Structure formats: C-alpha cells, structure tokens
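The structure appears right after this line, and notes come after that.
Worth saying up front: this structure is predicted, and the values here are computed from it rather than measured.
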2 protein chains.
Amino acid sequence: MPNDEPSAAASPEAPEAATPARRMRGGPKGLRITDVAALAGVAPITVSRVFNSPETVAPETLERVRQVVQKLGYVPNRLAGGLSSSRSRLIAAIVPTIAHSLFSETVQVFSETMSRAGYQVLLALSGYSDSNEETLLDAVLSRRPEGVLLTGVAHTESLRERLRNVGMPIVETWDMTATPIDMLVGFSHHQIGAAVAEHFLRRNVRAPGLVSANDDRALARRDGFRERLAQAGIREIAEVLVAPPSSVAVGKAALSTLIEQAPDLDAVFCGSDLLAIGVLGAAKRMGLAVPSQLAICGFGDLEFATETTPQLTTVRVDGTRIGLSAARCLLDRLAGIDKARVTDVGFHLVERETG
Amino acid sequence: MPNDEPSAAASPEAPEAATPARRMRGGPKGLRITDVAALAGVAPITVSRVFNSPETVAPETLERVRQVVQKLGYVPNRLAGGLSSSRSRLIAAIVPTIAHSLFSETVQVFSETMSRAGYQVLLALSGYSDSNEETLLDAVLSRRPEGVLLTGVAHTESLRERLRNVGMPIVETWDMTATPIDMLVGFSHHQIGAAVAEHFLRRNVRAPGLVSANDDRALARRDGFRERLAQAGIREIAEVLVAPPSSVAVGKAALSTLIEQAPDLDAVFCGSDLLAIGVLGAAKRMGLAVPSQLAICGFGDLEFATETTPQLTTVRVDGTRIGLSAARCLLDRLAGIDKARVTDVGFHLVERETG
DNA sequence: CTGAAAGCGCTTACAG
DNA sequence: CTGAAAGCGCTTACAG
C-alpha cells in the first residue's frame, strides 16, 4: 500500500502539535520530494540527485532512496523541476497535420529520437492556415521548450524575429531557404516542380495541368513547375487549387475541371498522392490511358502508391530522414556542438511504367 | 524593439543601489510577470488575472496591461503557472505509433479538440512493446497532465492500479474491456475477427489463413477469427505472425509462407491494409484471382485502399471519431460533468467486388 | 476591482 | 558525498 501519508512523527523537525499558520493551497496533492527524503532519512537535495545525477550519490544512499521511491511510487514533478532548473526537457514540434501525411513520419522519428535522449515532445498542430500562428507559438513558448521543430519556412517576419530572439535551438523543416531562422532540414519545393516539369517534357507533354492544395509549399512546387514549362514555351497551364485536406475524391472531381480548362490535357501534376489516385480513377472512368494519354505525377510516395498504382509517377521525399536529422540538429546544439545550418535532403522522382 | 530591459527606476520598490544578497541562479532568463507589472504600474497578480480571468479586471487596466505585454513580448511561464495552480493544462496521448497508421487520425482530432479547449498535448509513443511502459508512464506523469489518452487496454495490473490511483481522468481507446481503468472509447477486436470469419464463411471459404502483427489487439482479432471458424468446423488455420511495423513487402512475403502451411489456401485475413495490399500483389503474381480464388480482407480502411484495390474487403474503424470522443470524455470530466464510462464505436466490414 | 504575503515542489549555488 | 538556504515565476487565499 503505497498511499500511507508520511506521518508527522517521522519528520524530525516536526514543531508543535498544530500545523503552523500556513495557508492551505488546495488539499494534499500527492507525494513530494520531501516525503521521500524524510522516509529515506536524507535531505531533499539528495533525492533530487538520485534522479538527476545518480553518479554523485553514494551507492548505499542511492539504493536506499530508490527503494523508498519504489515503495511510495513517487514521480518527480517536472513542472517544479523545470521551473527551478530552467531545463524543461521539452521539445515542441509544430506541424500542419499528422493525419494522412508524411509529416506523421517525421514527427514519429523525431519523437522517438528525442525520447531516447530524455526529452518529451509537445505536439502543436498548426493546420494549414497561419492566421493564428502567433497564438500557437505563444502557447508553445509558454512551456519553455528547449528546442522547436517548425514545418516550412513561410512565417511572418515578426514571427521570425521573435523566434530568433528567444535564443533556443530551432529547426525549420520540409522546405528550403537561404535565410533560416536558425537551422534547417528540408528540400526545395521549387526544384521539385521544375523536376516534374522536366519529366513531363521528356514525355513530350503539350498541355500539362496541375491540381494541388493552395498552401505555401504546394505553390512553390507550382511555381517551379510553371517556370520550367515556360522555358520550353508552354505557358498555358490548367490549374485547380483546392483547400486542404486533399483527398481521392477531390482529385477525382478535379480532372473534369482541368479538362474544361484544357480539352487536350495530357498530363497532371498533383499536389499529393491521394489527389493523383483520384485523378487516375477519374481518368480510367473517362477511358483515358495512363500514362500514354494522360501522364500523372503525385507527391509524397505513400507506400501503397508504389504498389497499387504503377501507372503513376511520384516524387519521393524522405520524411523519416527529416525527422531524424532535425532531432540530431537540436540535440547537437543542446549538447553545445555547433551544427551545419542547412541540410538539403533532396527528393527523388520515382518513374514507373512508361506506358 | 521589445528587448529593452525594464529599468530599475521604473520599479517603485527599488531598494538600495546594490542588489541585495541574492544568490544568482543562472543569468537573466527573460521576462517575468513582475517586469510587466512594474511597467504597467500594477501588482503581478493583476497581470496574472489579465491572462487567466480577464473578466475580473477593469477594462482600462486590462488594456494597459495588454499593451505592455504586447510591447515587451511577454509570454507567461506555464511551468511556474502550472506548479502554482496545479493546473498544467497538459493532456498526454500515449499511442504505439503515429506513422502509417490510423492512430495518427485519432491523435490529430484529439489534439485539435484539446487545443481548442485550451490544453496542449504531450505526445508519447509507446512502440508496440510494453517492456518500458512503466518508464514511459513515469515520464508522462512527471509532467502532471490533467488527463491521459491511452491506446489499448492491455496493461499490467500494477500499471492499471497506479493509473487508478493518480485520480486523473483517463480514456483508454482502440479496444474494449468490461473493466476499464476509467473511461473507454473503442471497439472489440475479438468481434472484428469473428465478423471477418463470418464474411469468409459466407463465401464458402475452406482454408483461411491469417497474417498479422503479434500485438495484443491483433491477437484478439485472431482469436475472434479462430473461434468463429472453429464453430463452423474449421480448425486448421495457416498463420503468420510478424513484428511491427507491417508493410506491403511483409505482406507479399507472407503469402508464400501461408501457402506452404496450407496449399489449398483460399482466404487471408490481414492485420492491416498494407499487409493486404502485399498479399494481393503476391496473389496476382502467382496468378491467383482475387477474391474468387483467394479472398483477402484487410484492416484499417486507408482511403487509398477503397479506391485502388476494389478486390479487397476491409474492416473500417473510425479513428477520427475515437479521437473526438476521447477528447470529449476528458473535457467533460475536467468540467465536472460525469460521463458514460464505455463507448463502443463499433466497426464496419467494407465488402467490395464479389468477383 | 486590486494587492501583499505565502506557497507550489523542485534545483542552484555554496559550504562543508 | 551530503545538506541548509534561497530562489525559480507564477497563483492561491485572503483582505480590503
């Protein structure tokens, strides 16, 4: 039974019988370090050392304190510990979403790595709107994390300024910029767009279209796509921008809209693999051969896509590597090691059947 | 420029010239509530009220304090606030993984809902092993969350006992039990297994097999599957258990192993849709017609599966609803509203082409 | 509507 | 290797 209250008698410095004039702040709130200390016959600071620097405690003392901890079921209060030491042992991860997306891989690996290093992860979902990004950041910073993972680089300048000033390690991810706030692990969406354009051009595409979400990174891909096509003299590009989250159904609906814009449409660059699958489905229903009559390129390389839709080309990005690399950046910095500021993990165009 | 230090002169109670005999604990650590209070000409408690109960502050005072907060860029320290008030405003979510899984939907919606209610989510990934579940729980409890979402119900009795004793709202999810720790939102894996067995029996399957991960919930599905088949006189069931994470490749490899065990294999129940896609791919390669020669049932209903693999049957579970419902359970409890202890969200067998 | 004092449960910075 | 005192930055519980 680990729930016996430490009796007043066990406390050597117990004063008179009555409790002193101490205003109660709520009832008893669970075990404190002093409870463990009293039972183990040591000072609170020694119990603290058992948790935070056991190598500085004598073996017998260590053992005795640990037994008491075990018996009582004591769990240190890290709110108090963090406040006192200015080490929250918390890392924040701010991502748009973790549902149906490669971000979930990044967060997964990031979290595992941080966890192994003794940190815990505060998850903050920003959605795709950055209207309330300031509010979200305030909420995150109020926890005093020791580091922050951000998704993307498109923040307002006031935000970037604030983040630079908080003086904690920050990794931006999933994008590329010459002027990161601090560190960056990502790739160029603009380059991806250009690479897909080139892929289409190699296939002698004449009337390419695009369907994607209208977030910053998707738009950067679009711009790269358009620019490369413009170099080849193709300037008329059918385009459907949709609000996130994208889905198979949205992709399906998009194809007819694109064809209305460009009746001779012969290629579609999709903002995600789900959209690509939708476009593929609609193409089949219309009797269009893929990729010979209609080339389709997705983005993200969900594993299933590789397997079930060999007609699709897609752009593979290694979300796992981003998460791992971002975690290492932060951990190195926290360990006082200086780190390369920008890491480009690149991307890979996965071509399938050529039809 | 929000980085001017509040001058000592602005502080009315500034004592002598020299700082008193106060041991420094680290350098200056950023803005404190007293900095805002001094500049706004109010007591710290008033600044506190501006954040925590603005309706109790006079409009002009409110405005003045907010201006100072804005100007200084002050962000309250919630480690301190949480310690002082015993309200951490933190909720923990403990899930096996968020990569490639329906859990990510649950966490997504759970997190969004909690966020809207003013809580932040601490993400703890347990993996599929529960060897270190105690350690993980200690780490979580050390943050003094106000509620916990757990995945599954298969915890050691000592763990269940500890959780019951911490006295905070707890929701178990993604499983079903008659004796939850506190609240539960889930469904019966055993029933799912039985339902899939019945589906196969309706198709006059004779030699069903199973490939799945060997975690608790997958094994519960297996047991339901076997029991229902046993009732129909089918007791020989080819079985491949694999370590998580499951993947398309693992599914592919599994089919030949199953066929070695049962050469006349005519149905496979897969522990996930990725496995099912792998089995489907392998079946095609072997020239087996799906589902006429080999019926395949997955689990999870990833959106793509519905679209790209109409030959597959799958079991749909609403991870989104679980997340939302779990969040509401916790929020209601935190608001003092008593809540139904167990919610069965059920599942849905999605049959496709009968081929 | 506002504030002075005390306390939340730890750890730092010394000191021995 | 161990400990007494002070402090981390807030909020509670009063009091006015």
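- One can place CZ of B:Arg144 at 9 Å from P of C:dG9, the figure rounded to the nearest angstrom.
- Among the nucleotides D:dC8, C:dC10, C:dT2, the one closest to any side-chain atom of B:Thr61 is C:dT2.
- The side chain of A:Ser84 has C:dT11 as its nearest neighbour among C:dG3, C:dT11, D:dC10.
- With sequence neighbours left out, the salt bridge (charged side-chain N to carboxylate O under 4.0 Å, His left out) criterion links B:Glu146 to B:Arg87.
- B:Glu157 has a carboxylate O that lies under 4.0 Å from a charged side-chain N of B:Arg164, or vice versa, which qualifies the two as a salt bridge.
- Here A:Thr46 reaches the OP1 or OP2 of D:dG3: one of its side-chain N or O atoms lies under 4.0 Å away.
- One interatomic measurement links the two molecules: CG of B:Leu83 to P of D:dG9, which rounds to 12 Å at whole-angstrom precision.
- Of the two residues near DNA chain C, B:Pro59 and A:Asn77, the one whose nearest nucleotide lies more 5' is B:Pro59.
- For the pair A:Arg78 CZ and D:dC10 P, the interatomic distance rounds to 21 Å; values are reported in whole Å.
- Distance from the side chain of A:Ala58 is smallest to D:dC1 among D:dG9, D:dG7, D:dC1.
- Residue A:Pro44 is the one, among A:Pro44 and B:Val75, whose nearest nucleotide of DNA chain D lies closer to the 5' end (criterion: closest heavy atom).
- In this entry the distance linking CZ of A:Arg87 with C1' of C:dG9 reads 18 Å, nearest Å.
- The side chain of A:Ile45 sits closest to D:dA4 out of D:dC1, C:dC10, D:dA4.
- The distance between atom CG of B:Asn52 and atom P of C:dC8, rounded to the nearest whole Å, is 19 Å.
- The distance between atom CG of B:Leu31 and atom P of D:dC8, rounded to the nearest whole Å, is 15 Å.
- The phosphate of C:dC10 (OP1 or OP2) has a side-chain N or O of A:Tyr74 nearer than 4.0 angstrom.
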task: Begin from the C-alpha positions of B:Thr97 and A:Gln108 and carry the test side chain to side chain donor-acceptor pair (under 3.5 Å) through to its verdict.
output: CA-CA 7 Å; B:Thr97 172; A:Gln108 171 81 26; 2.8 Å; yes
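- A:Gln120 and B:Arg143 share a donor-acceptor pair across their side chains, judged by distance under 3.5 Å alone.
- In this structure, B:Arg89 atom CZ and D:dT11 atom C1' are separated by 13 Å, rounded to whole Å.
- Closest to the side chain of B:Arg49, out of C:dC8, C:dT11, C:dT2, is C:dT2.
- Counting non-hydrogen atoms under 4.0 angstrom, B:Ala43 reaches the backbone sugars and phosphates but no base.
- At least one donor-acceptor pair under 3.5 Å links the side chain of B:Ser88 to the backbone N or O of B:Arg144.
- Note: CG (B:Leu62) to C1' (C:dC1) measures 12 Å, nearest angstrom.
- Shown here, D:dG3 forms a base pair with C:dC14; the pair counts as Watson-Crick or G-U wobble because both key distances fall under 3.5 Å.
- Residues passing the side-chain contact (heavy atoms from CB on, under 4.5 Å) test with A:Pro76, sequence neighbours excluded: A:Phe51, A:Tyr74.
- Closest to the side chain of A:Val42, from the set C:dC10, D:dG3, C:dT11, is D:dG3.
- Contacts of A:Thr34 with the nucleic acid, taken as non-hydrogen atoms under 4.0 Å apart, are absent.
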